[in-house]
Each structure stands twice: as structure tokens, then as C-alpha cells.
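All residue numbers in this chain count up from 1 along the given sequence.
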Amino acid sequence: MDTPSGFIRVARFSEIGERRSKKVVVGDDEVALWRVDGRIFAIGNVCAHQHFSALHAGILSGHTVTCPMHGWTYSLETGKATTGSGIVKTYRVIVEDDTVYCEQPAGR
């Protein structure tokens, strides 16, 4: 498959285990890919609290991830904080065969 317009290839689906994550770079953004229930979610890797770059290493619970630094928790679906406040960016993802494509930020 050709790369969908506005997306870039970031990983192989098979390299991200269920309930596991992978940190990738999309443009200038660090992105945390999480595989939950056979689906890939992509959120900004930088916590809105103190801009700690580690959501890929967070604690997963259902469809939320908790930052390991100070405990703020974010929805993988919306990026909105469920504990703490703020929001992290979410990215659209396409999985085709074994390839994960992530939406590129506008203007890149």
C-alpha cells in the first residue's frame, strides 16, 4: 500500500505487543503509540503537567495512561486528562496489513 496522504509510516503493528507502547517521532513531535484491544492509539508523549516526555512509559489502565512522573492520567481516545488537568494531542492512525501510519501534524 502507498502511504496515505497526510500520514507517515511509524511502526509495524506486530512489534507493539498488546497493552504495550512504542515511542516514535512524527515531524517534530514525540508520539506514544499504545496497542489496546488490538487497536493502536497515538497520543503526544509529553505530559501536559511539567512537560515530562514519558507517556510511552506510563501505566496503562483500560483506555487511559498515567504519567510515571507525577501521576496525571490521560484518555488514549481524546487526550483529555482524567486526573490532573490539561490535554495532550491525539493523532489519527491507520493500520494496513502490518504497517502503522500516523497522521502528520498540519504544516509539515
Side-chain angles (χ1 to χ4, degrees):
M1 172 182 175
D2 292 331
T3 302
S5 179
F7 287 75
I8 63 168
R9 182 184 178 280
V10 292
R12 289 189 332 251
F13 183 80
S14 59
E15 70 185 335
I16 306 169
E18 180 66 27
R19 302 188 58 74
R20 300 284 183 229
S21 67
K22 178 178 179 69
K23 180 174 75 169
V24 298
V25 176
V26 178
D28 293 330
D29 299 348
E30 284 188 18
V31 175
L33 301 176
W34 281 91
R35 182 174 169 181
V36 180
D37 298 330
R39 182 174 164 203
I40 299 291
F41 294 89
I43 64 170
N45 193 47
V46 179
C47 179
H49 177 226
Q50 289 190 348
H51 309 290
F52 191 68
S53 181
L55 290 180
H56 73 283
I59 300 160
L60 185 68
S61 177
H63 287 93
T64 64
V65 63
T66 300
C67 179
M69 186 69 165
H70 296 110
W72 284 27
T73 301
Y74 300 92
S75 165
L76 293 175
E77 296 168 316
T78 66
K80 292 180 183 174
T82 58
T83 60
S85 60
I87 192 167
V88 294
K89 184 173 177 151
T90 59
Y91 300 79
R92 291 185 304 148
V93 172
I94 295 172
V95 178
E96 182 70 34
D97 297 320
D98 191 43
T99 303
V100 178
Y101 299 94
C102 189
E103 174 185 37
Q104 293 187 66
R108 306 237 172 111

Closer than 3.5 angstrom, by distance alone: can the side chain of E30 be matched with the main-chain N or O of G44 as a donor-acceptor pair? no
Test side-chain contact (heavy atoms from CB on, under 4.5 Å), reference V88, set N45, I43, L76, V65, output is I43
- Message: Would you say L60 ends up clustered with L33 if hydrophobic residues are merged whenever their side chains have heavy atoms under 4.5 Å apart, either directly or through other cluster members?
- Response: no
For residues V31 and F41: do they belong to one hydrophobic cluster (side chain heavy atoms under 4.5 Å, members Ile, Leu, Val, Met, Phe, Trp, Tyr)? no
Review point. Checking side-chain contact (heavy atoms from CB on, under 4.5 Å) for the pair F13/R35: CA distance, chi angles, key distance, verdict?
Key: CA-CA 9 Å; F13 183 80; R35 182 174 169 181; 3.3 Å; yes
To the nearest 0.5 Å, atom CH2 of W34 lies from atom CZ of R39 at 15.5 Å
Value for CE (M69) from OG (S53), rounded to nearest 0.5 Å, stands at 11.5 Å
Checking T73 side chain against T83 main chain: does a donor-acceptor pair fall under 3.5 Å? no
T82 and S75 have their tightest heavy-atom pair at CG2-N, 4.3 Å
Applying side chain to side chain donor-acceptor pair (under 3.5 Å) to T64 and not counting sequence neighbours gives none
To the nearest 0.5 Å, atom OG1 of T90 lies from atom NZ of K80 at 10.0 Å
So SG of C67 and CD of Q50: to nearest 0.5 Å the spacing works out to 9.0 Å
What one should report as the nearest heavy-atom pair of L55 and A32 is C-CB, 4.3 Å
With side-chain contact (heavy atoms from CB on, under 4.5 Å) as the test, would you mind laying out the steps for K22 and E15 before giving the verdict? CA-CA 9 Å; K22 178 178 179 69; E15 70 185 335; 3.5 Å; yes
All heavy atoms of A48 vs all of W72, minimum pair found to be C-CZ3, 4.3 Å
Tightest non-hydrogen contact, residues E96 and Y101, listed as CB-CE1, 4.0 Å
| query | Honestly curious: do I16 and V95 fall in one hydrophobic cluster under the side-chain, below-4.5 Å linking rule? | reply | yes
CZ (R92) and SG (C102) are apart, to the nearest 0.5 Å, by 10.0 Å
Tightest non-hydrogen contact, residues A54 and P68, listed as O-CD, 3.5 Å
Distance col, row Y74:OH vs I87:CD1, nearest 0.5 angstrom, shows 10.0 Å
Between V26 and E103, the two heavy atoms sitting closest are CG1-O, 3.5 Å
